[in-house]
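For reference, the structure discussed in these notes is given below.
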Protein chains: 2
Amino acid sequence: MKRCSGEALTARKQPRQARARLTVDAIFEATIQVLLSEGLSALTTTRVAERAGVSVGSLYQYFPQKQALLFALLQRHLEAVADAVSTICTRCLGMSLGDMSDALVKGFLDAKTQDIATTRALYMVAAELDTDELLGIIAQRNHAAIRTLLLSAKDATFDRPDAVAFTLRATLAGATRAVLERGATPGDLTALQQELPLLCRAYLVARSNPL
Amino acid sequence: MKRCSGEALTARKQPRQARARLTVDAIFEATIQVLLSEGLSALTTTRVAERAGVSVGSLYQYFPQKQALLFALLQRHLEAVADAVSTICTRCLGMSLGDMSDALVKGFLDAKTQDIATTRALYMVAAELDTDELLGIIAQRNHAAIRTLLLSAKDATFDRPDAVAFTLRATLAGATRAVLERGATPGDLTALQQELPLLCRAYLVARSNPL
DNA sequence: ACCTGAACACCGTTCAAGT
DNA sequence: ACCTGAACACCGTTCAAGT
C-alpha cells in the first residue's frame with residue numbers, strides 16, 4: 001500500500017461530462033450515508049462505491065486516496081460555516097458590541113447545528129486527516145472577519161483585538177464541539193444556546209473600553 | 001475480520017506475572033512512540049508489537065482489539081486531568097469567585113499542556129473510538145467537582161449552577177482543544193493562558209449574584 | 001501463565017481492458 | 001472521457017504449538 005505523502009489530498013481531476021458529475025455527487029452522498037448509518041470504522045472505499053452504485057475504480061479516478069474524499073467533505077462544511085460567519089460579520093459592522101456578539105454567536109451556532117448528524121460525522125472524520133493547513137486557512141478567515149467586526153463596534157474599542165478575536169473563535173468552535181461531539185441531548189443544545197451568548201458578551205465587555 | 005460490537009473495549013485480562021506487566025508497559029510505551037513519530041495512520045498493531053519487542057499475539061492477549069489499546073491510553077489521560085481538576089476544586093472550596101476561577105483555569109490548562117505532544121496524539125486517537133460513555137463519565141466527574149466549587153464561593157451565589165458548570169466545562173475543554181489540536185505556536189499557548197482566565201472570570205461574574 | 005508467528009478475511013489502491 | 005473489477009500488498013485478528 002502506498003504510504004500517504006501528506007500531499008495530494010485534493011481531488012485528482014474535475015468531472016468534465018455530465019455523467020461524471022453524477023458519479024461524483026453520488027460518491028459524496030454515499031459517503032455521508034455510510035458514515036451516518038455504519039460509522040467511521042465501516043467507512044470503506046468499497047462500501048462507498050457500492051452504495052453510490054459505481055465501481056471502486058471510478059471513485060479513485062476522482063479521489064486519489066480515501067482521505068481526499070473525506071477532506072473534500074470536511075472542506076465543504078467548514079467553508080459553509082466560514083461563509084455564514086463572514087456574512088454575519090459584514091451585516092453587523094458598526095453595531096453595538098452586545099448586538100454584534102449575540103448575532104455572531106447565534107449565526108455560528110445555527111450554521112453548526114443546521115445538520116447536527118453531519119456535523120458530528122465530520123468531527124469524527126477530521127482526525128483521520130491531515131487538517132492542519134485547512135483548519136489554518138479557515139481559522140484565518142474567521143479571525144479576520146471577527147477582528148474587523150470588533151473594531152467597528154460603535155460603543156467600544158479594543159486594546160488587543162487579535163487576542164480577543166483569537167479567543168472568541170477558539171471558544172465558539174471549541175465549546176460547540178465539546179457539546180455536539182458526543183450525544184448532545186436537546187437540553188444540552190438549549191443550554192449552549194442560552195449560555196454561549198452570555199459568555200461571549202461578558203468576555204467582550206470585560207476586554208474592551210466603553211466609549 | 002470481526003466487526004466491532006461496540007463493547008469489549010476494556011483490557012482482556014490483567015497481567016499476573018512480572019514478565020507480563022513488563023509486556024503491557026512496553027506496549028503502552030510503544031504505542032505513544034509510534035503515534036508521535038509515525039502518526040495515526042501508521043499506528044499498526046504489528047508495528048506497535050514490533051517496537052515493543054513482543055509478538056502480535058502477546059498484544060492481543062491483553063487488548064482484544066486495537067481500539068482497546070487506544071481506549072486504555074485515552075482513559076489514563078482523561079482520568080489524570082479529571083484528578084487534577086478534582087484536586088483543585090477541593091483545595092479552592094470557600095474561596096472568592098475570582099480566585100477559584102483563576103485556579104481552576106490554570107490547573108486545567110497545566111494538566112492539558114504538561115505533555116502537549118501526547119495530548120495532541122490523544123485528540124487524534126479519540127475519533128477512532130466509541131468514546132461516548134467514557135467522555136460522559138469524565139464530564140460528570142468534572143461537572144460535579146466544578147458545581148460544588150461554584151456553590152461554595154464566599155462572595156457569590158448562583159441561580160443556575162448546573163448551566164454555569166456545564167458551560168464552564170465545555171468552554172475549558174473546547175477552547176483548549178481548539179488551540180492545541182492543530183500546530184499551536186508558543187504565542188497561541190500564551191494567548192490562551194492569558195485570555196481563558198479573563199473569559200471565565202467575566203462569565204462567572206456575569207452569571208452570579210454578589211453577596 | 002505467557003509467548004510466538006503463520007494463516008485468514010478484509011481493506012486501500014492500481015491498472016489492463018473495455019465503452 | 002469515463003468506467004470496470006480482478007489483482008496485489010498490507011492490516012486486524014486468531015489459534016495451534018510451544019516454554
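Just so it is clear, the values below take in all heavy atoms, side chains as well, and ignore hydrogens, waters and symmetry mates. Residue numbers start from 1 in every chain, and the chains themselves are labelled A, B, ... in the order their sequence lines are given, proteins ahead of strands.
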Proximal nucleotide (of [options]) relative to the [X] side chain:
X       : options               : result
B:Ser58 : C:dT13, C:dC3, D:dC3  : C:dC3
A:Thr23 : D:dC3, C:dC2, D:dT4   : D:dC3
B:Thr44 : D:dC2, D:dC11, D:dT4  : D:dC11
B:Val56 : D:dT13, C:dT13, C:dC2 : D:dT13

Distance in angstrom units between [X] [atom1] and [N] [atom2], rounded:
X       : N      : atom1 : atom2 : answer
B:Leu22 : C:dC3  : CG    : P     : 9 Å
A:Gln14 : D:dC2  : CD    : C1'   : 15 Å
A:Leu40 : C:dC11 : CG    : P     : 13 Å
A:Ile27 : D:dC3  : CD1   : C1'   : 11 Å
B:Gln61 : C:dG5  : CD    : P     : 14 Å
A:Leu59 : D:dC2  : CG    : P     : 15 Å
A:Lys66 : C:dT14 : NZ    : P     : 15 Å
B:Leu69 : D:dT13 : CG    : C1'   : 14 Å

* Backbone of A:Asp188 reached by a side-chain donor or acceptor of A:Thr185 within 3.5 Å -> yes
* Asked: Side chain of B:Arg207, backbone of B:Phe158: donor and acceptor closer than 3.5 Å?
  ->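 No: the side chain of B:Arg207 does not pair with the backbone of B:Phe158.
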Taking OP1 and OP2 of [N], is either one under 4.0 Å from a side-chain nitrogen or oxygen of [X]?
X       : N      : value
A:Gln65 : C:dG12 : no
A:Arg47 : C:dC10 : no
B:Arg21 : C:dC2  : no
B:Tyr60 : D:dT13 : yes

* A:Leu43 vs A:Gly57, nearer the 5' end of DNA chain C by closest nucleotide -> A:Leu43
* Asked: More 5' along DNA chain C: B:Pro15 or A:Thr46, using each one's nearest nucleotide?
  ->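 Looking at the nearest nucleotide for each, B:Pro15 comes out on the 5' side.
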* **C:dT14 - base-pair partner by Watson-Crick or wobble geometry, distances under 3.5 Å** => D:dA6
* Could you let me know what C:dA1 is paired to, Watson-Crick or G-U wobble, both distances under 3.5 Å, or none if it's on its own? =>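 For C:dA1, the partner nucleotide comes out as D:dT19, under the 3.5 Å rule.
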* To do: For B:Thr45 and for B:Arg19, find the nucleotide of DNA chain D with the closest heavy atom, then tell me which residue's nucleotide is more 5'.
  => B:Thr45
State whether a side-chain donor-acceptor pair under 3.5 Å links [X] with [Y].
X        : Y        : answer
B:Ser37  : B:Arg51  : yes
B:Asp115 : B:His77  : no
A:Gln140 : A:Arg169 : no

* **Stacked cation flag B:Arg76 on B:Phe28, 6.0 angstrom / 45 deg** => yes
